[in-house]
Every structure is written in structure tokens, then in C-alpha cells.
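Here's the structure, in C-alpha cells; my notes come after.
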Amino acid sequence: MGIHILFKQALDGSIIVGDSHEYAPVNESANFDFGIEMHINDLILKEARRMMKLPDWRIQNYWAGYYAQTSDGGIFEHQIENKIYIATGIGGKGMTTAPGYSKKRIADIFEQ
């Protein structure tokens with residue numbers, strides 16, 4: 001299930017804990033259901049509790065994200081009339097790479 005443990009502290013002090021990934025070719029994506037797999041979340045939380053002590057482990061929110069990515073692992077970019085900018089493809093590395101990539105890409109757009 002692509003489970004790995006990530007911790008990120010938000011500005012309000014809360015902790016984001018995650019996550020897991022499932023991958024499929026675009027022609028098989030209809031096989032995914034849109035539900036949240038609680039048994040996977042339970043495995044993540046069990047390991048997270050072993051790694052870190054928090055004063056409160058109550059979960060405020062669960063979420064699931066669905067992302068497109070390129071088959072070669074690269075980034076797909078497309079621009080429409082210098083008004084709409086599309087970028088996707090970080091696939092599974094977003095929490096780590098998206099802030100830096102976004103900062104650079106936005107700077108590139110405004111330099112045009």
C-alpha cells in the first residue's frame with residue numbers, strides 16, 4: 001500500500017501524520033474506490049505512535065488525494081494563453097518537493 005510515515009507541524013501547532021499511496025495506470029484508475037481505507041490509517045497511526053509521543057492522538061480530519069502523474073516520474077507542465085498554468089507529476093513526493101517546485105515555478109511565471 002505504499003505506507004510511509006511523515007510528520008509535519010502546521011502553523012497552528014497541529015501535526016499532520018501520513019501517509020500511503022496506491023498507483024495505477026490511467027486506464028485502470030476507475031478500479032480505485034473513493035473511500036478512505038481505515039485499516040491503512042490504523043497501521044500508519046500504530047507506527048506513528050511508536051515513533052513519536054504526542055499529548056493527544058485524536059484525529060481531527062482524514063483526507064484522500066488523487067493525483068495525476070507522468071509515467072516517467074517527471075513533471076507535466078502546460079500553459080494556456082499565458083493565463084492558466086498546469087503542473088502535475090510530482091506523484092508521491094509532493095509533501096517534500098511541492099513547496100520548492102511551486103516557489104520556483106511561480107517565480108518563473110512572473111519573470112515572463
Side-chain angles (χ1 to χ4, degrees):
M1 292 303 199
I3 295 172
H4 53 276
I5 308 298
L6 302 168
F7 298 95
K8 180 178 181 183
Q9 189 166 26
L11 292 175
D12 67 1
S14 63
I15 305 292
I16 299 168
V17 180
D19 67 358
S20 68
H21 297 197
E22 292 182 70
Y23 300 97
V26 69
N27 62 337
E28 295 177 20
S29 62
N31 295 334
F32 286 125
D33 107 19
F34 291 100
I36 293 175
E37 299 288 340
M38 290 308 296
H39 73 281
I40 295 172
N41 285 342
D42 291 342
L43 290 171
I44 292 168
L45 289 171
K46 180 179 178 183
E47 184 65 12
R49 284 186 181 104
R50 191 183 69 75
M51 297 170 70
M52 179 180 282
K53 300 223 182 300
L54 296 176
D56 189 345
W57 279 95
R58 286 178 292 173
I59 306 301
Q60 292 178 331
N61 295 300
Y62 290 95
W63 67 277
Y66 301 89
Y67 310 97
Q69 68 182 48
T70 62
S71 60
D72 65 3
I75 295 174
F76 170 80
E77 294 179 326
H78 184 70
Q79 183 175 322
I80 302 170
E81 297 179 8
N82 290 327
K83 296 178 184 176
I84 299 172
Y85 299 87
I86 301 168
T88 191
I90 294 174
K93 297 173 276 309
M95 191 169 169
T96 309
T97 61
Y101 171 79
S102 299
K103 182 178 180 180
K104 168 129 179 40
R105 186 65 185 112
I106 289 167
D108 291 346
I109 289 168
F110 284 103
E111 286 177 6
Q112 292 181 14

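This one's a predicted model, so the numbers in the text were calculated from it and none came from an experiment.
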Check the hydrophobic clustering (I, L, V, M, F, W, Y; side-chain heavy atoms under 4.5 Å; chains of links allowed) and say if [X] and [Y] are grouped together.
{"X": "Tyr101", "Y": "Ile84", "result": "no"}
{"X": "Ile3", "Y": "Ile36", "result": "yes"}
{"X": "Tyr85", "Y": "Phe110", "result": "no"}
{"X": "Tyr62", "Y": "Leu43", "result": "yes"}
{"X": "Ile80", "Y": "Ile109", "result": "no"}

Q.
Could you measure the distance from the CG atom of Asn41 to the CD1 atom of Ile59? Nearest 0.5 Å is fine.
A. 8.0 Å
Q | Distance (rounded to the nearest 0.5 Å) between Asp108 CG and Lys103 NZ | A | 12.5 Å
(Q) Checking the side chain of Ser102 only, and the main-chain atoms of Ala98 only, is there a donor and an acceptor separated by less than 3.5 Å? (A) yes
Minimum heavy-atom separation for [X] to [Y], with atom names?
{"X": "Trp57", "Y": "Met52", "answer": "CZ2-O, 3.3 Å"}
{"X": "Leu54", "Y": "Ile15", "answer": "CD2-CG1, 4.0 Å"}
{"X": "Ser20", "Y": "Ile40", "answer": "OG-CG2, 3.5 Å"}

Q. Can you find a pair of side-chain heavy atoms, one from Asp19 and one from His4, that are under 4.5 Å apart?
A. yes
(Q) For the CD atom on Gln60, are there more than 12 heavy atoms of other groups (residues, nucleotides or ligands in this structure) within a distance under 6.0 Å? (A) no
Q: Would you mind checking if Asp42 and Lys46 are paired as a salt bridge, meaning a charged N to carboxylate O distance below 4.0 Å?
A: no
